[in-house]
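Report on one structure; see the data block that follows.
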Amino acid sequence: MSKRNFYEQVYAVTRRIPKGKVTSYGRIANMLGAPNAARAVGYALRALKDKQNDPTYDDVPWQRVVNSQGRISIANRDFGAQLQAELLRNEGVPVSEDLQINLDNYLWSGLHWFEIDDILQKTKNSDNV
DNA sequence: ACAGTGACAACAT
DNA sequence: TATGTTGCCACTG
């Protein structure tokens, strides 16, 4: 299909974020070897909105990705920020009223190199996921 | 092929 | 601390 590997890689990493933890767009980009692709990561997650009817992506916990400051994106505020905050709270992640999360306590430690390698292999030139 | 866009991030005022 | 600016990358008409 039209989807590129990068999307799948982002989704794959996001799926590994454990319940009760969060990470940032930039950190995901870093894990995928594209340290400057934070915006692209956000773009990929935003695209999930157009895939809501696709069961393939129902299990992507997009709410566990916030910006580098541990804050839910402002641009998202008007339509999805509150939902994201609610989903996180339901998972046991405290979110302040100004949409801030304490990264000292809830930041995901990330994947190990071999786990990332596994993702890169599985997402290589395939429409299958 | 090319210019525009966005759920980012770092730096500058 | 709070805005504004600039660089990035992948995706889209």
Side-chain angles (χ1 to χ4, degrees):
Chain A
M1 304 299 285
S2 62
K3 60 181 186 283
R4 284 296 207 232
N5 288 336
F6 190 76
Y7 272 34
E8 297 306 325
Q9 290 170 9
V10 170
Y11 301 149
V13 171
T14 303
R15 285 191 179 97
R16 309 296 179 83
I17 306 173
K19 187 177 183 179
K21 290 291 181 179
V22 300
T23 191
S24 68
Y25 303 95
R27 282 172 185 274
I28 289 180
N30 251 319
M31 290 182 217
L32 294 175
N36 296 314
R39 278 188 103 172
V41 172
Y43 193 94
L45 292 180
R46 174 196 167 284
L48 287 173
K49 218 206 295 263
D50 303 323
K51 304 177 188 295
Q52 291 185 52
N53 298 322
D54 189 339
T56 302
Y57 304 98
D58 279 352
D59 62 337
V60 180
W62 55 270
Q63 71 273 21
R64 295 172 195 163
V65 186
V66 297
N67 68 22
S68 62
Q69 303 173 45
R71 189 154 164 270
I72 292 176
S73 297
I74 300 175
N76 210 6
R77 189 184 291 279
D78 289 333
F79 61 97
Q82 292 306 325
L83 171 62
Q84 184 170 5
E86 185 179 337
L87 288 173
L88 287 173
R89 289 175 182 131
N90 288 341
E91 296 183 346
V93 177
V95 182
S96 68
E97 294 190 14
D98 61 338
L99 306 178
Q100 179 69 45
I101 293 157
N102 185 331
L103 291 183
D104 288 335
N105 298 326
Y106 298 96
L107 176 64
W108 177 40
S109 57
L111 294 172
H112 292 292
W113 69 268
F114 53 87
E115 297 175 298
I116 296 174
D117 196 56
D118 184 56
I119 288 175
L120 295 181
Q121 287 300 319
K122 289 182 177 177
T123 56
K124 178 177 295 183
N125 74 25
S126 71
D127 287 343
N128 168 22
V129 176

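Predicted, not measured: the structure shown is a model, and the values here were computed from it. Labels below follow one simple rule: chain letters A, B, ... track the order of the sequence lines, proteins then strands, and each chain is numbered from 1.
Looking at heavy atoms from C-beta onward, Thr14(A) lies in side-chain contact with Pro61(A) at the 4.5 angstrom threshold.
A salt bridge is absent between Glu91(A) and Lys21(A): the closest approach of a Lys/Arg side-chain nitrogen to an acidic carboxylate oxygen does not fall below 4.0 angstrom.
For the pair Gln100(A) (side chain) and Ile72(A) (backbone), a donor-acceptor distance under 3.5 Å is absent. Proximity of a side-chain donor or acceptor of Gln52(A) to a complementary backbone N or O of Lys49(A) within less than 3.5 Å is detected.
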Contacts under 3.5 angstrom, residues 101-112 of chain A side chains, donor-acceptor by atom type, not counting sequence neighbours:
{"from": "Asn102(A)", "atom 1": "OD1", "to": "Asp104(A)", "atom 2": "N", "distance (Å)": "2.8"}
{"from": "Asn102(A)", "atom 1": "OD1", "to": "Asn105(A)", "atom 2": "N", "distance (Å)": "3.4"}

Residues 33-48 of chain A, side-chain donor-acceptor partners within the protein, below 3.5 Å, at least two apart:
none

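In this entry the distance linking CZ of Arg46(A) with C1' of dA10(C) reads 13 Å, nearest Å. Rounded to an integer number of Å, the gap from Asp50(A) CG to dA10(C) P is 20 Å. Taking atom CG of residue Asn36(A) and atom P of nucleotide dA9(B), one finds them 11 Å apart after rounding to whole Å. When the C1' atom of dG6(B) is taken as reference, atom CD1 of Ile72(A) falls 18 Å away, rounded to whole Å. To the nearest angstrom, C1' of dG6(B) lies 14 Å from CG of Leu48(A). Computed from coordinates, the Leu99(A) CG to dA7(B) C1' distance equals 12 Å when rounded to whole Å. Residue Arg39(A) contributes atom CZ, which lies 9 Å from atom P of dG6(B) at whole-angstrom precision. The interatomic distance linking Arg27(A) (CZ) with dC8(B) (P) rounds to 16 Å, in whole Å.
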N/O to N/O distances under 3.5 Å, protein versus nucleotides 3-5 of chain B:
none

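Note that CG of Leu87(A) is 5.0 Å distant from CD of Gln63(A), once rounded to the nearest 0.5 Å.
Comparing dC11(C), dC9(C), dC8(B) against the side chain of Ser73(A) picks out dC8(B) as the nearest. With distances taken from any side-chain atom of Ser68(A) to the nucleotides dA9(B), dC8(B), dA7(B), the minimum falls on dA9(B). Nearest to the side chain of Phe6(A), among dA10(C), dC8(C), dA7(B), sits dA10(C).
In this model, the phosphate group of dC8(B) is not approached by any side-chain N or O of Ser24(A) to a distance below 4.0 Å at OP1 or OP2.
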